[in-house]
Amino acid sequence: MTDQDVEPRRLTPDELRTLFLFESLTEEQLQWLSEVGYVESVHDGVVFNEGDEATCCYVLLSGEIRLCKLSHGELVEINRTGQRGVYSGAFNAFFGANDHKSYTATMQVTEPSEFFVISAETMATMMNTWFPMAVHLIEGFVMGMRRTNETLGERERLLALGSLSAGLTHELNNPAAAAVRAAATLRQRVSGMRSKLAMLADGTLDATKLHQIVALQDDAVERLEKNKDKDIPPMELSDREDTLTDWLDDHDVQASWDVAPVLAAAGLDVPWMENVLAAVGPKYLEGAVRWLMYTIDTESLMNEIDDSVTRISTLVGAAKQYSQIDRAPYQTVDLRELLKSTLVMMSGKLQGYEIVKDFDPELPAIPAYAAELNQVWTNIIDNAVSAMGGSGTLTIRTRRDGAYAVVEIGDTGPGIPDEIRRRIFEPFFTTKPIGEGTGLGLDISWRIVVKKHHGDLRVESEPGRTVFKIVLPLDPERELESDPALLA
């Protein structure tokens with residue numbers, strides 16, 4: 001006779017009645033349950049793993065169990081009990097006949113234990129037959145909560161997107177308006193240049209002098225290019241302008257006060273102006289000076305347009321990086337680029353704060369859902385800004401920790417009290433005033449990091465320092481192979 005031929009031990013109706021889960025059942029129900037359920041002994045180790053298909057419901061008869069959840073590749077104990085009658089496993093099997101369910105935690109025994117075991121199919125049949133109204137009520141409650149989560153989660157994302165869009169529109173408007181103004185002024189300067197060129201080339205200025213002026217023009221443009229990024233002290237620049245104004249007045253150049261600042265900003269000085277005088281002579285000096293001023297102004301305006309368009313291009317690129325438009329949802333991404341694009345998108349909210357970026361240049365790219373990670377950064381940074389209340393330091397770091405990439409987002413706000421810290425990842429929990437927060441930002445972030453990326457999200461906080469740590473596996477496939485429970 002083999003072990004498979006041994007009839008499993010059953011519990012009598014009277015024994016079942018001693019378990020608080022079944023104490024209110026009728027004799028007929030207890031009799032049926034005693035026939036379909038059986039006793040199973042587990043002496044050591046794991047009863048079931050998180051992520052495995054949920055096939056049975058276990059009711060503790062004797063011994064002790066511990067329930068664990070997987071976090072950052074490690075099992076974290078969430079409960080330990082020896083109370084007779086406690087249950088775990090496929091106790092929610094009656095929700096949706098076609099809905100695949102898996103164990104939500106790992107159950108182990110810490111000493112030899114006995115369980116009354118009911119299969120998932122039996123549990124579903126029992127609940128739907130004996131308690132149909134209760135099943136409908138519970139299922140309605142669960143589905144209602146799920147729909148509420150989804151609806152408010154979508155609204156949270158839309159509100160965040162709207163806020164970011166408003167900030168992006170503001171950021172785009174500034175360089176766009178600057179480019180429009182520069183283009184209009186450029187048109188005037190080019191017109192003035194044409195007029196002065198006609199005066200210089202009216203037949204009285206020989207070709208040699210024209211070549212000299214063109215050479216001086218090129219030299220002025222080169223000087224402007226070299227000086228555009230230099231931070232010249234205001235007093236020094238003012239002295240240059242005064243010196244040039246005096247020289248221009250001495251040589252009867254009209255409106256010298258208007259010309260001198262342009263020439264000084266380009267790095268031109270009196271010796272250089274003497275070269276202009278030698279090239280064209282006193283008669284054509286004013287026309288040549290005006291022409292050179294228009295040249296410098298034109299180059300400056302073109303630089304301004306270039307800077308504005310580059311800024312617009314950078315913002316659009318950041319928006320595409322943030323939204324991941326035209327990209328696969330799951331891809332290999334550089335976390336530093338995702339963080340940079342989020343900071344650009346949130347630049348409107350970050351005005352007045354000191355931003356510290358400490359990005360590990362050696363951190364490798366990882367496979368991830370890029371757009372959803374951007375949502376995580378946005379939620380946490382937005383909370384940090386709210387906590388600091390107008391001023392403070394936002395610190396963002398990336399580093400490698402073995403087989404994981406770590407992103408730390410810290411703020412210098414007042415900190416999170418201990419009694420609140422335990423609840424911040426709960427859905428609908430918020431410390432913001434009514435109407436300002438749904439309490440889903442951190443819940444959504446936790447699900448994206450933990451459930452979707454098989455990582456970990458934790459927080460350390462004290463007054464003046466709060467740090468959220470997002471831990472992501474560098475190689476999710478290897479993580480899944482090493483621990484199949486992560487497939488849940």
Side-chain angles (χ1 to χ4, degrees), residues 152-174 315 318-319 322-323 335-336 338-359 372-399 406-449 456-471:
L152 289 179
E154 287 297 325
R155 185 175 184 276
E156 185 94 357
R157 285 189 283 270
L158 287 172
L159 287 174
L161 182 60
S163 177
L164 290 174
S165 297
L168 179 62
T169 302
H170 175 75
E171 291 296 318
L172 284 170
N173 182 65
N174 290 335
L315 286 167
Y322 181 86
S323 63
L335 295 179
R336 294 161 298 192
L338 297 185
L339 288 163
K340 289 176 185 176
S341 69
T342 301
L343 289 173
V344 171
M345 292 292 291
M346 300 188 72
S347 57
K349 281 192 171 185
L350 298 176
Q351 292 180 7
Y353 296 93
E354 181 183 354
I355 311 299
V356 176
K357 291 180 283 188
D358 181 13
F359 294 160
E372 297 192 32
L373 286 181
N374 281 337
Q375 186 180 357
V376 173
W377 321 142
T378 301
N379 290 340
I380 295 175
I381 291 173
D382 186 64
N383 284 345
V385 169
S386 296
M388 288 188 285
S391 64
T393 301
L394 178 73
T395 303
I396 302 180
R397 290 189 174 91
T398 65
R399 59 184 173 86
V406 180
V407 176
E408 297 180 353
I409 301 176
D411 66 70
T412 54
I416 306 172
D418 290 341
E419 62 273 15
I420 294 177
R421 196 184 316 164
R422 292 190 292 270
R423 300 189 59 197
I424 59 173
F425 296 113
E426 293 179 12
F428 306 110
F429 179 78
T430 179
T431 58
K432 295 179 180 178
I434 294 174
E436 291 188 18
T438 62
L440 288 175
L442 289 178
D443 171 57
I444 291 170
S445 299
W446 188 87
R447 283 189 276 118
I448 289 172
V449 173
D456 190 23
L457 176 58
R458 62 186 75 161
V459 62
E460 299 174 358
S461 186
E462 60 186 36
R465 178 182 176 273
T466 297
V467 179
F468 281 84
K469 292 185 178 180
I470 301 98
V471 183

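Of the listed residues (Thr398, Asn374, Leu343), just one forms a side chain to side chain contact (heavy atoms under 4.5 Å, CB included) with Leu338, and that residue is Asn374.
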Could you please spell out the steps behind the side-chain contact (heavy atoms from CB on, under 4.5 Å) verdict for Trp377 and Leu335? CA-CA 10 Å; Trp377 321 142; Leu335 295 179; 4.1 Å; yes
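Listed for the Thr412 side chain is a donor-acceptor partner under 3.5 Å among the backbone atoms of Thr393.
Using a 4.5 Å cut-off on side-chain heavy atoms (C-beta onward), Phe468 and Leu442 make contact. Within the 4.5 Å cutoff, no side-chain heavy atoms of Lys357 are placed close to those of Arg336. Side-chain contact between Ile470 and Ile380: present, with at least one pair of heavy atoms (C-beta onward) separated by less than 4.5 Å. Contact of the Ile381 side chain with the Ile409 side chain is registered, since non-hydrogen atoms from C-beta on lie closer than 4.5 Å. Two residues are said to be in side-chain contact when any heavy atoms from C-beta on lie closer than 4.5 Å; Leu394 and Met388 meet this criterion.
Among all heavy-atom pairs drawn from Ala387 and Pro414, the shortest one is O-CD, 3.3 Å. Between Asn379 and Ser445 the shortest heavy-atom distance is ND2-OG, 3.1 Å.
Residue Glu460 holds its CD atom at 7.5 Å from CD of Glu408, rounded to the nearest 0.5 Å.
The environment of Arg397 atom CZ is sparse: at most 12 non-hydrogen atoms of other residues, nucleotides or ligands sit within 6.0 angstrom.
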